[in-house]
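For this chain, numbers begin at 1 and follow the sequence in order.
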Amino acid sequence: MAPPHDPRTPAWPPKSAPRLFVDDELNEGLTFSLEGSQAHYLGKVMRIREGDAVILCDNATGEWAARADIVDKRRVDVTVVERLRPREDVPDLWLCPALLKKDRFDLVLEKATELGAARIQPVITRRCVADKLNLDRARTITIEAAEQCARTALPEVAEPAKLDALLKEWPEGRTLFFADEEGGDPAADAFVYSDGPAAILIGPEGGFDDTERTAIRAHPAARAISLGPRILRGETAAIAALSVWMAEAGDWLDDDPQEYPGQE
């Protein structure tokens, strides 16, 4: 059980407690060691001491408060004390961004995680400046972003897919909102009627070519949308589209947000 809370002292665990995702499924009373970069982060960066709280997530059961029992140079032993929140339900929204230059695509991965995308499906198009993605690095970026924004469910990061293969294998029943720089329904108007599985397709820095645009528009699941009167960079378009979708059809509409550790 968690230590009894004295109203004269800060809540336990405090909001400032470090937050980490772990590989193993968590449960009350579990004791294990954090090593490597996680131990370095806790001991050297966050400077935790024995008895301090650590918040852990496992992408399966939710978010847990743990206590640091031993803080060593190379490892931190923790005991799981109690579950704080179950794993969150995220809207069934995929982001399908064309690959960009590394630093710009890193931003897409980070912000898509913060904004609540359930799956990130990178796409390779004719005008992409990149055709490969380091998946391990990409997943590390999403984990760090999830830790930072107190997300309890990690987005799935898929292998990059060529556009023609993506369209050919598109799942039935999932709307494909296509951000077309040549025009479409205003995004907010289109999203407000989105009541099922959906995805947003964002083009590369040079845009889709005519053949690709024709193929996308001909797909039965596709619906062309406009993101406004200005031409947006790929990373800007992805962030803007996700934000509008979450506001019109996603979990920004939730009137009963979950409390976070340390809130009164």
Margin query: Side chains of Thr31 and Thr79 only: does a donor on one sit below 3.5 Å from an acceptor on the other?
Written below: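 Result is yes, a qualifying pair exists.
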
Next item on the list: Check the side chains of Thr152 and Glu63 for a donor-acceptor pair under 3.5 angstrom, ignoring hydrogens and angles.
Entry: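 No, Thr152 and Glu63 have no side-chain donor paired with an acceptor closer than 3.5 Å.
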
Approximate separation, where rounding is to 0.5 Å, of [X] [atom1] and [Y] [atom2]:
| X | Y | atom1 | atom2 | answer |
| --- | --- | --- | --- | --- |
| Leu95 | Phe177 | CG | CZ | 13.5 Å |
| Tyr41 | Glu144 | OH | CD | 9.5 Å |
| Met46 | Ser16 | CE | OG | 7.0 Å |
| Arg126 | Asp210 | CZ | CG | 10.0 Å |
| Asp24 | Leu30 | CG | CG | 7.5 Å |
| Arg87 | Asp58 | CZ | CG | 9.0 Å |

Linking Ile, Leu, Val, Met, Phe, Trp and Tyr by side-chain heavy atoms under 4.5 Å, what else ends up with [X]?
| X | result |
| --- | --- |
| Tyr193 | Val192 |
| Leu201 | Trp94, Val123, Leu163, Leu166, Leu167, Trp170, Leu176, Phe178, Phe208, Ile216 |
| Val129 | none |

Any residue meeting salt bridge (charged side-chain N to carboxylate O under 4.0 Å, His left out) with [X], in chain and number order, not counting sequence neighbours:
| X | answer |
| --- | --- |
| Glu182 | Arg213 |
| Glu114 | Lys111 |
| Arg217 | Asp180 |
| Arg119 | Glu156 |

Checklist line | For Thr113, the option from Ile141, Leu154, Thr142, Ile143 that meets side-chain contact (heavy atoms from CB on, under 4.5 Å) | finding: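 Exactly one option meets the side-chain contact (heavy atoms from CB on, under 4.5 Å) with Thr113, and it is Thr142.
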
Note to self: Please identify which of these residues, Ile70, Ile48, Val54, meets the side-chain contact (heavy atoms from CB on, under 4.5 Å) condition with Val76.
What the structure shows: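 Option passing the side-chain contact (heavy atoms from CB on, under 4.5 Å) with Val76: Ile48.
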
Quick one, [X] and [Y] - any side-chain contact, counting heavy atoms below 4.5 Å?
| X | Y | answer |
| --- | --- | --- |
| Leu34 | Val22 | yes |
| Trp64 | Glu82 | no |
| Cys128 | Pro204 | yes |
| Arg83 | Glu28 | no |
| Pro91 | Met246 | yes |

Checklist line | Contact list for residues 29-56, test salt bridge (Lys or Arg N to Asp or Glu O under 4.0 Å), sequence neighbours left out | finding: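 Residue pairs with at least one partner in residues 29-56: there are none.
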
Next item on the list: Please list all pairs passing the salt bridge (Lys or Arg N to Asp or Glu O under 4.0 Å) test where one or both residues lie in residues 97-107, with sequence neighbours left out.
Entry: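 The answer is Arg104-Glu205, Arg104-Glu235, Asp106-Arg137.
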
Next item on the list: Output all residues satisfying side chain to side chain donor-acceptor pair (under 3.5 Å) with Asp72, sequence neighbours left out; order by chain, then residue number.
Entry: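 So Asp72 forms no side chain to side chain donor-acceptor pair (under 3.5 Å) with any residue.
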
Minimum heavy-atom separation for [X] and [Y], please, with both atom names.
| X | Y | result |
| --- | --- | --- |
| Phe191 | Ile225 | CZ-CD1, 3.6 Å |
| Asp185 | Ala190 | CB-CB, 4.3 Å |
| Arg151 | Ala112 | NH1-O, 4.0 Å |
| Ala53 | Pro13 | CB-CB, 3.7 Å |
| Ala66 | Leu56 | CB-CD1, 3.8 Å |
| Gly234 | Ile202 | O-CG2, 3.6 Å |

Path from [X] to [Y] over hydrophobic side-chain contacts below 4.5 Å:
| X | Y | answer |
| --- | --- | --- |
| Val78 | Leu84 | no |
| Ile239 | Ile200 | yes |
| Leu107 | Trp245 | yes |
| Leu26 | Leu42 | yes |
| Leu227 | Ile231 | no |

Margin query: Which residues pass the side-chain contact (heavy atoms from CB on, under 4.5 Å) test with Ala138, not counting sequence neighbours?
Written below: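 In terms of side-chain contact (heavy atoms from CB on, under 4.5 Å), with neighbours along the sequence ignored, Ala138 is linked to Leu109, Leu133, Val157.
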
Notebook entry, point to check: Who passes side-chain contact (heavy atoms from CB on, under 4.5 Å) against Ala188, sequence neighbours left out?
Noted result: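 Val244, Glu248.
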
Margin query: Can a donor-acceptor pair be found, under 3.5 Å and without considering hydrogens, that links the side chain of Glu25 to the backbone of Thr61?
Written below: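 Not confirmed, Glu25 side chain does not pair with Thr61 backbone.
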
Notebook entry, point to check: Arg230 side chain to Leu232 main-chain N or O, any donor-acceptor pair under 3.5 Å?
Noted result: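 The answer is no, because no donor-acceptor pair under 3.5 Å joins these two groups.
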
Item checked: Lys/Arg N to Asp/Glu carboxylate O, Arg127 vs Asp209, below 4.0 Å ->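 Looking at Asp209 together with Arg127, the answer is no, because their closest N to O distance does not fall below 4.0 Å.
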
Notebook entry, point to check: Do NZ/NE/NH1/NH2 and the carboxylate oxygens of Arg174 and Asp92 come within less than 4.0 Å?
Noted result: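 Result for this pair is yes, salt bridge flagged.
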
